[in-house]
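Contents: one structure, followed by commentary.
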2 protein chains.
Amino acid sequence: MKLTSKGRYAVMALVDLARFNTINPVSLRDISLRQGISLDYLEQIFSKLRKKEIVQSVRGTQGGYILNKKAKEIKLINIFEAVDEKVKTVKCKKESKKGCNGKAIKCLTHNLWDELENHINNFFDKKSLDDLVKDNSERRV
Amino acid sequence: MKLTSKGRYAVMALVDLARFNTINPVSLRDISLRQGISLDYLEQIFSKLRKKEIVQSVRGTQGGYILNKKAKEIKLINIFEAVDEKVKTVKCKKESKKGCNGKAIKCLTHNLWDELENHINNFFDKKSLDDLVKDNSERRV
DNA sequence: TATAAACCCGACTAAAATAGTCAAGTATCT
DNA sequence: AGATACTTGACTATTTTAGTCGGGTTTATA
């Protein structure tokens, strides 16, 4: 399984975006400065987010990005999927001849990983961007 | 976060061991053959499991490993911890000056990762080796 | 007591993934 | 025209992973 910086950055950037999401687009430069994430890396990340229609881009001066849906409708699972952070447990491939062939002993952990994946995806499927924004603004009262 | 082959192998090997766990120790060679995991790699893994007192070794001919506790008392979390598969989300380090200093904007995802870690650890904390062994023998009825 | 089975241990390495950087654009506002 | 900001693709250093390898030590048994 993996859950790395790219996914974290994506979430951070989107929370930032959701917060400052007025009528005006938010530039990556601003996000970069506020969140301390390299501009180049942000560009990579937002390119993916745009392709998955999580954000919309506005080109030119005063341009930037805006959310493409309401923050409530953007689930964390969508974000992770967009930046290739599939919550994947390691599956059996090479061993298909030996441990995991459906017949003999069978991969002893197959069910376990499936169960775990569901468990985690369920977590990410419930949490929306909006939840995080709220969490965050509550904390600063 | 990571959850890789090493953790999966550890679990597979221990389920195997728990199943064949009679009075006699089970050799890594047998596990290697049954599960299709390289013997050398198994040795590495069992060295760690032994240090964390999850298994006991019996040296010499006819030697091998036995469980050090009842299968019911060995939780998956113990296994993953033993082989260094901490369920770790990526924390903020470098950014401590910028995004995550407790004052300014503060790392927008800190709470999220803590919550997720708890969620996953909770899962692994409930599942015991015994649960897996049972799952597995049920399936072969 | 020799031998073989099995554990023990540390160093090494190839391959993959990660976390970026860099360069050269294009679009749009003023 | 110029500045701002998005767009794209290639490149790269570092780290992690998934092992391998070579040398041990211990102990049952013939």
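In what follows, chains carry the letters A, B, and so on, assigned in the order in which the sequence lines appear, proteins first and then strands, with residues in each chain numbered from 1.
For the segment residues 44-55 of chain B, residues with any heavy atom less than 4.0 angstrom from an atom of DNA chain D are, sorted by number, Q44(B). Contacts with DNA chain C (heavy atom under 4.0 Å) in residues 63-70 of chain B: G63(B), G64(B), Y65(B), listed by number.
In the set dA6(C), dA19(C), dC7(C), dA19(C) carries the atom at the smallest distance from any side-chain atom of K6(A). Among dT20(D), dA6(C), dT7(D), the nucleotide with an atom closest to any side-chain atom of R29(B) is dA6(C).
Considering only heavy atoms from C-beta on, L42(B) comes within 4.5 Å of S32(B) through its side chain. The shortest distance between side-chain heavy atoms of K127(B) and L112(A) falls below 4.5 Å.
Atoms CD and CG, from E115(A) and N118(A) in turn, are 8.0 Å apart once rounded to the nearest 0.5 Å. Here I54(A) contributes atom CD1 and Q56(A) contributes atom CD; the two are 12.5 Å apart, rounded to the nearest 0.5 Å.
The OH atom of Y41(B) sits 16 Å away from the C1' atom of dC9(C) (whole-angstrom rounding). If you take CZ of R8(B) and P of dT17(D), they are 15 Å apart, rounded to a whole angstrom. In this structure, N24(B) atom CG and dA6(C) atom C1' are separated by 14 Å, rounded to whole Å. To the nearest angstrom, P of dT4(D) lies 12 Å from CG of D30(A). One atom, CD of E43(A), and another, C1' of dA10(D), lie 14 Å apart when rounded to the nearest Å. Protein atom CG of L39(B) is 13 Å distant from nucleotide atom P of dG19(D), rounded to whole Å. Across the protein-nucleic acid pair, L42(B) atom CG and dC8(C) atom P stand 13 Å apart, rounded to whole Å. In this entry the distance linking CE of M12(A) with P of dA19(C) reads 13 Å, nearest Å.
By the neighbour-count criterion of 12 heavy atoms within 6.0 Å, atom CD of E43(B) is densely surrounded, having more than that number from other residues, nucleotides or ligands.
Taking side-chain N and O atoms only, S38(A) has no distance below 4.0 Å to OP1 or OP2 of dA19(C). Considering only side-chain N and O atoms, T4(A) lies under 4.0 angstrom from the phosphate OP1 or OP2 of dA19(C). Regarding contacts with the backbone of dA18(D), a side-chain N or O of S5(B) is found under 4.0 angstrom from either OP1 or OP2.
In the hydrophobic clustering of this structure, V58(B) does not group with L67(B); members are Ile, Leu, Val, Met, Phe, Trp, Tyr whose side-chain heavy atoms approach within less than 4.5 Å, directly or through other members. Clustering ILVMFWY residues whenever any of their side-chain heavy atoms sit less than 4.5 angstrom apart, transitively, puts I66(B) in a cluster other than the one holding V26(B).
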Expected rows: protein N/O vs nucleotides 26-30 of chain C N/O, under 3.5 Å:
from: dT26(C); atom 1: O2; to: R59(A); atom 2: NH2; distance (Å): 2.7
from: dA27(C); atom 1: O4'; to: R59(A); atom 2: NE; distance (Å): 3.2
from: dA27(C); atom 1: O4'; to: R59(A); atom 2: NH2; distance (Å): 3.3
from: dT28(C); atom 1: O2; to: T61(A); atom 2: OG1; distance (Å): 3.4
from: dC29(C); atom 1: O2; to: T61(A); atom 2: OG1; distance (Å): 3.3

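Salt-bridge formation is not detected for the pair K75(B)/D125(B): no Lys NZ or Arg NE/NH1/NH2 atom is positioned less than 4.0 Å from an Asp or Glu carboxylate oxygen. E53(B) and K69(B) are not joined by a salt bridge, as no carboxylate oxygen comes within less than 4.0 angstrom of a charged side-chain nitrogen.
Here the shortest heavy-atom pairing between N78(A) and I74(A) reads OD1-C, 4.0 Å.
A cation-pi arrangement, defined by a distance under 6.0 Å to the six-membered ring centre and an angle within 45 degrees of its axis, is absent between R8(B) and F80(B).
With Y9(A) as the partner, the side-chain contact (heavy atoms from CB on, under 4.5 Å) test is satisfied by one option alone out of I45(A), I31(A), L14(A), T4(A): I45(A).
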